[in-house]
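Lettering of chains follows the sequences in order, A, B, ..., and the numbering in each one begins at 1.
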Protein chains: 2
Amino acid sequence: METKRDNTEEKILEAAKNVFVTKGMDGARMQEIADEAGINKALLHYYFRSKERLFEAIFGEIIKFAFPKITGIISSDEPVTTKIEQIIDAYTSLLINHPFIPAFILKELNRDPSGIFKLITKYGFKPESVWGKLEEAMDKGEIVRMDPRHLIINIVSMCVFPFAARPILNYVIFKENKEALAAFYAERADVVKQFVINALVVRK
Amino acid sequence: METKRDNTEEKILEAAKNVFVTKGMDGARMQEIADEAGINKALLHYYFRSKERLFEAIFGEIIKFAFPKITGIISSDEPVTTKIEQIIDAYTSLLINHPFIPAFILKELNRDPSGIFKLITKYGFKPESVWGKLEEAMDKGEIVRMDPRHLIINIVSMCVFPFAARPILNYVIFKENKEALAAFYAERADVVKQFVINALVVRK
DNA sequence: ACACGATTTAACCAATTAGTTAAACCAACA
DNA sequence: TGTTGGTTTAACTAATTGGTTAAATCGTGT
């Protein structure tokens, strides 16, 4: 029966995601994943032959989610300020729904950079195409002139970092007030958009 | 002889920092730390009784470095835009000299948040004092009105994230060109300062 | 010559953990 | 009723790893 299989496979992936995200590849224990999925270790290995494979299943799924969204927006024909706003919206809504992604990626980034590198290129993220479009807009005087790489990094930083540092916001700023933190994240997209657009206004 | 002791202790701490930063607490191996320090495991335990103690020695040192710099700047009497510029300068120069700090802290943040929480409060970082100063400046019309928490998060994000995501910049943007990456980080403070100041200009 | 602390060598222990195996169990289904 | 595939149980292995120990070595200052 397929439904049964799908169900436990889903349970395993969900459990593994939780454990891998908080503990990382090295800190995660197969036993703990099995427990969290409500099954036993033998069955866990029956579905995913090894820890490595299970990890890759999760990791691939996450990367597939995290990167390509932006590519579509960039290649569109909207004016550059609209594109920037769309990118901020896309990033933020993605991360509100999957807040664990940044911490997870940053955690595994040092452990095995080549793995991430492969996946990024595989899903075809081409940064060069972005610089061009931004420089055009600067030439036309639509936005202030600056190094487009710094601009992109600024935008991505403001979108991603608050999620990567979630525990810090949670403890230091919001004193573990869940609702206040959620409200903060909900405002985030609009605030960042306004901030960036304001920073890009051309002044004489 | 003290110099000998200091020397190896220094070597151990340096090696441990490298290994802990890239591998994390769980991924780090005492043998690897010993190898990297050019000594053997027995001597490593002779200096730091356990992995836990060694980790705490490193971790405490890093936190002591990372947080208190800002407190001094905030309590000064400079105008708020000057303070912001000083904070950006302080953060960036700290991270250029210790680029591993963000990845390290973020990595251990999920593993044991209470540990970091303790250290932050111990070194007396009081965020509330910041909101007040910023809101004053907004009331006086010196900077544009916005939620001061978002403003701080924006600034810190732009300062810290590019270092946390260093491998991504290195691979995806700079194709492992070390000098280009270093040059990028060197420009960073000025770019961020200009970006923030521009974003904070009050328009009618 | 002696003492002392730093350092090495090499063997060892105990705990943890990924992964395996084999037998039994159970529910659905043909 | 018998088969089949998902599932459990429980015991096991092989490797890794943190930590220990004891004896030997080396350098330096007395």
What residues, two or more places apart in sequence or in another chain, satisfy side chain to side chain contact (heavy atoms under 4.5 Å, CB included) together with [X]?
| X | result |
| --- | --- |
| A:Q194 | none |
| A:E14 | A:K17, A:N18 |
| A:A16 | A:F20, A:I33, A:L54, A:I58 |
| B:E136 | none |

Given atom [atom1] of [X] and atom [atom2] of [N], what is their separation to the nearest angstrom?
| X | N | atom1 | atom2 | value |
| --- | --- | --- | --- | --- |
| B:H45 | D:dT17 | NE2 | P | 13 Å |
| B:I33 | D:dG18 | CD1 | P | 8 Å |
| B:E9 | C:dG5 | CD | P | 17 Å |
| B:Q31 | C:dT9 | CD | P | 12 Å |
| B:K51 | C:dA15 | NZ | P | 18 Å |
| B:E52 | D:dG18 | CD | C1' | 12 Å |

ask   = Of all the nucleotides listed (D:dG18, C:dA18, D:dT7), which has the minimum atom distance to the side chain of A:M30?
value =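 It is C:dA18.
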ask   = Of all the choices, C:dT7, C:dG19, D:dT7, which nucleotide is nearest to the side chain of A:T8 once you look at every atom?
value =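 Among the listed nucleotides, the one closest to the side chain of A:T8 is D:dT7.
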inquiry  = Any salt bridge linking A:E32 with A:K23? Criterion: basic side-chain nitrogen under 4.0 Å from a carboxylate oxygen.
reply    =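 Judged by the 4.0 Å cut-off on N to carboxylate O distance, A:E32 and A:K23 do form a salt bridge.
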query = Partners of A:Q31 by side chain to side chain donor-acceptor pair (under 3.5 Å), sequence neighbours excluded?
reply =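 A:Q31 satisfies side chain to side chain donor-acceptor pair (under 3.5 Å) with A:D35 once adjacent residues are dropped.
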Test side chain to side chain donor-acceptor pair (under 3.5 Å) applied to A:R29 - qualifying residues, sequence neighbours left out =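 For A:R29 there are no side chain to side chain donor-acceptor pair (under 3.5 Å) partners, ignoring immediate neighbours.
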ask   = Which parts of residues 36-44 of chain A get close to DNA chain C, meaning a heavy atom less than 4.0 angstrom away?
value =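 Those residues whose heavy atoms fall under 4.0 Å from DNA chain C, taken from residues 36-44 of chain A in numerical order, are A:K41, A:A42.
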query = Going by distance alone, is a donor N or O of one side chain under 3.5 Å from an acceptor N or O of the other, for A:N154 and B:R188?
reply =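 Yes, B:R188 and A:N154 have a side-chain donor paired with an acceptor closer than 3.5 Å.
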message = Within residues 19-29 of chain B, which residues have any heavy atom lying less than 4.0 Å from an atom of DNA chain D?
response =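 Heavy-atom contacts with DNA chain D come from B:A28, B:R29.
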ask   = Within less than 4.0 Å of OP1 or OP2 of C:dA6, is there a side-chain N or O belonging to B:Y47?
value =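 Indeed not, no polar side-chain atom of B:Y47 lies that close.
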request  = May I ask you to evaluate whether B:Y46 reaches the phosphate of C:dG5, defined as a side-chain N or O under 4.0 Å from OP1 or OP2?
outcome  =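 No.
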query = To the nearest 10 degrees, how far apart in direction are the end axes of the helix from C:dA1-D:dT30 to C:dA24-D:dT7, each fit to five base pairs?
reply =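 End axes: 10° apart.
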Let me check something: any side-chain donor-acceptor pairs from residues 175-184 of chain A under 3.5 Å, sequence neighbours excluded? List them with distances.
from   : atom 1 : to     : atom 2 : distance (Å)
A:K175 : NZ     : A:V172 : O      : 3.4
A:K175 : NZ     : B:E128 : OE2    : 3.3
A:N177 : OD1    : A:E179 : N      : 3.2
A:N177 : OD1    : A:A180 : N      : 3.1

message = By the side-chain hydrogen bond (donor to acceptor under 3.5 Å, both in side chains) test, which pairs, at least two apart or in different chains, include something from residues 162-172 of chain B?
response =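 Listed by first then second residue: nothing to list.
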With A:R111 via salt bridge (Lys or Arg N to Asp or Glu O under 4.0 Å) - residues at least two apart =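 Residues passing salt bridge (Lys or Arg N to Asp or Glu O under 4.0 Å) with A:R111: A:E108.
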